[in-house]
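What follows is a set of notes on a single structure, which appears directly below.
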Amino acid sequence: MADAEHLEQKGEGASIRMSPRRALAISLATPLFLYLLLLVMLGDNIFPFSGSPQGREHRAALAIRDNVTPFLQWSTRLFTQPYLQQRYAEYWYFTQQSEDHHKDEFIASLEHALAAYPSVDLYLLAHTNKYVNWVETIPELLRQRIRFVYNTGCYNKKQGQDWLALGANAYIGHPGKSLSPFFYFFLLRHWTRGGTTLSETLELGNRRMERKFSQLEFYTLGRFDAARAMYESVASLFGDATLRMEDMP
Amino acid sequence: MIKSHAHLLLAPTALLSQAIPAGLMYLTPQLVYGHNPTLAEDRLWLFSVTWLMLPALYGLFAGCRASYLMLTRSHPALAWTMIIAFCVPAWMQAVFYLHAALVFLAWV
């Protein structure tokens, strides 16, 4: 016998059962509330179906992930690929299994991209790296088309001037043993959406990364040092701070 | 008897379904980037987004239906206990996986 029928037989059912309308409201509103709570906790805007900023046909991108755990390689690709696919005319994504893995393919793809598109962005999603040496081998005339380079590598902020000297218009890197994925999450989503300059994106990314570090410090009861993490991770910009995704230098 | 209590089983299935993304989140990277890759890298994205999205949608739907049925058919004490024990954790995980899938689709 159903619970409700049982209660009704006892003469209690009608009074304690919830009305269908109220039950429906609770059942729909609770998950919606939980989703909104999640968005607040994540601390980033949402951009429903924002599409691609203008000039997509004029730009291409390359991304490379180094030899880390399968989970990190998987999650980096899962996050990065749709943004590159949606907001660049063409993109190449490499996942390395050793230090010089995909070197020839990377250089060949970059040369192809630089020959075919006026603007090419690079996403170097790797621990302390020297991809700058790979790119040196590309003819100078082609290198001038490198527009923006983002490097997640620890201690790779110092490569900023090297990348500008190679021909890049702008470079963002991190100074120390950084927790750059926190910054990269905001950078990729906001920069590729267009409408904001690199300096605005940099400021937003650093601010929101700092907020995440503060939350971590709070949740870990101070075991995580937010100030130290920020000191090591704060991203710096070299080159054209006014560059926007839709610009063609 | 079983039929009349069937709606009580829906809430645990909503929660159980959320183990699928968690399990595949562990397995998929191994299938693609492990020592013996068996899943092509270019299929990774579609495969991953699909198994994030489907259990999330099922978890949300089943949780909502279970909550509605329990609130309208069962004793309030039982209904609220089941909702707090099963539906709320299922919803929390489902909205997380749903949002992740939407981010990985670049839709939000």
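Computed over heavy atoms, backbone and side chain alike; hydrogens, waters and symmetry mates excluded. All of these numbers come straight from a predicted model, not from anything done at the bench. Numbered from 1 within each chain, the chains take letters A, B, ... in sequence-line order.
- For a heavy-atom cut-off of 4.5 Å, chain A lies close to B:His99, B:Leu102, B:Val103, B:Phe104, B:Leu105 in residues 98-105 of chain B.
- Using a 4.5 Å cut-off between heavy atoms, A:Leu39 contacts chain B through its side chain alone, with no backbone atom that close.
- Checked against the 6.0 Å centroid threshold, A:Phe148 and A:Trp191 count as a close aromatic pair.
- Side-chain contact, A:His101 with A:Thr95: no donor N or O sits under 3.5 Å from an acceptor N or O.
- Proximity to chain B (any heavy atom under 4.5 Å) is restricted, for A:Leu42, to the side chain, taken from C-beta onward.
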Are B:Ser67 and A:Ser27 close enough, and set up right, to give a side chain to side chain donor-acceptor pair (under 3.5 Å), and what steps lead you there? CA-CA 6 Å; B:Ser67 163; A:Ser27 303; 2.7 Å; yes
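- In terms of non-hydrogen atom pairs under 4.5 Å with chain B, the most contact-rich of A:Ala25, A:Pro31, A:Pro48, A:Ser19 is A:Pro31.
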Do A:Arg244 and A:Asp247 pass the salt bridge (charged side-chain N to carboxylate O under 4.0 Å, His left out) test, and can you show the C-alpha distance, the side-chain angles, and the key distance before you say yes or no? CA-CA 5 Å; A:Arg244 294 178 309 158; A:Asp247 292 344; 3.3 Å; yes
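- Contacts of A:Gln97 with chain B are made by side-chain atoms alone, with heavy-atom separations under 4.5 Å and no backbone atom involved.
- Of the charged side-chain nitrogens involved, at least one lies within less than 4.0 Å of a carboxylate oxygen, so that B:Glu41 and A:Arg77 count as a salt-bridged pair.
- Looking at A:Leu24, the atoms closer than 4.5 Å to chain B (heavy atoms on both sides) sit in the backbone and in the side chain alike.
- Using a 4.5 Å cut-off between heavy atoms, A:Gln73 touches chain B through backbone and side chain atoms alike.
- Your options are B:Tyr33, B:Trp45, B:Tyr26, B:Phe96, and the one with the most heavy-atom pairs under 4.5 Å with chain A is B:Tyr33.
- Residues A:Phe79 and A:Tyr83 bring their aromatic ring centres within 6.0 Å.
- Aromatic ring pairs are classed by plane angle as parallel below 30°, tilted from 30° to 60° and perpendicular above 60°; the pair B:Trp107 and A:Phe49 is tilted.
- At a 4.5 Å heavy-atom cutoff, the contact between B:Met25 and chain A is made by backbone and side-chain atoms alike.
- Proximity to chain B (any heavy atom under 4.5 Å) is restricted, for A:Arg189, to the side chain, taken from C-beta onward.
- Donor-acceptor pairing under 3.5 Å is recorded for the side chains of A:Thr196 and A:Thr201.
- Side-chain contact of A:Tyr150 with A:His174: a donor-acceptor pair under 3.5 Å is present, judged by distance alone.
- Using a cutoff of 4.0 Å between basic side-chain nitrogens and carboxylate oxygens, A:Arg208 and A:Asp44 are scored as salt-bridged.
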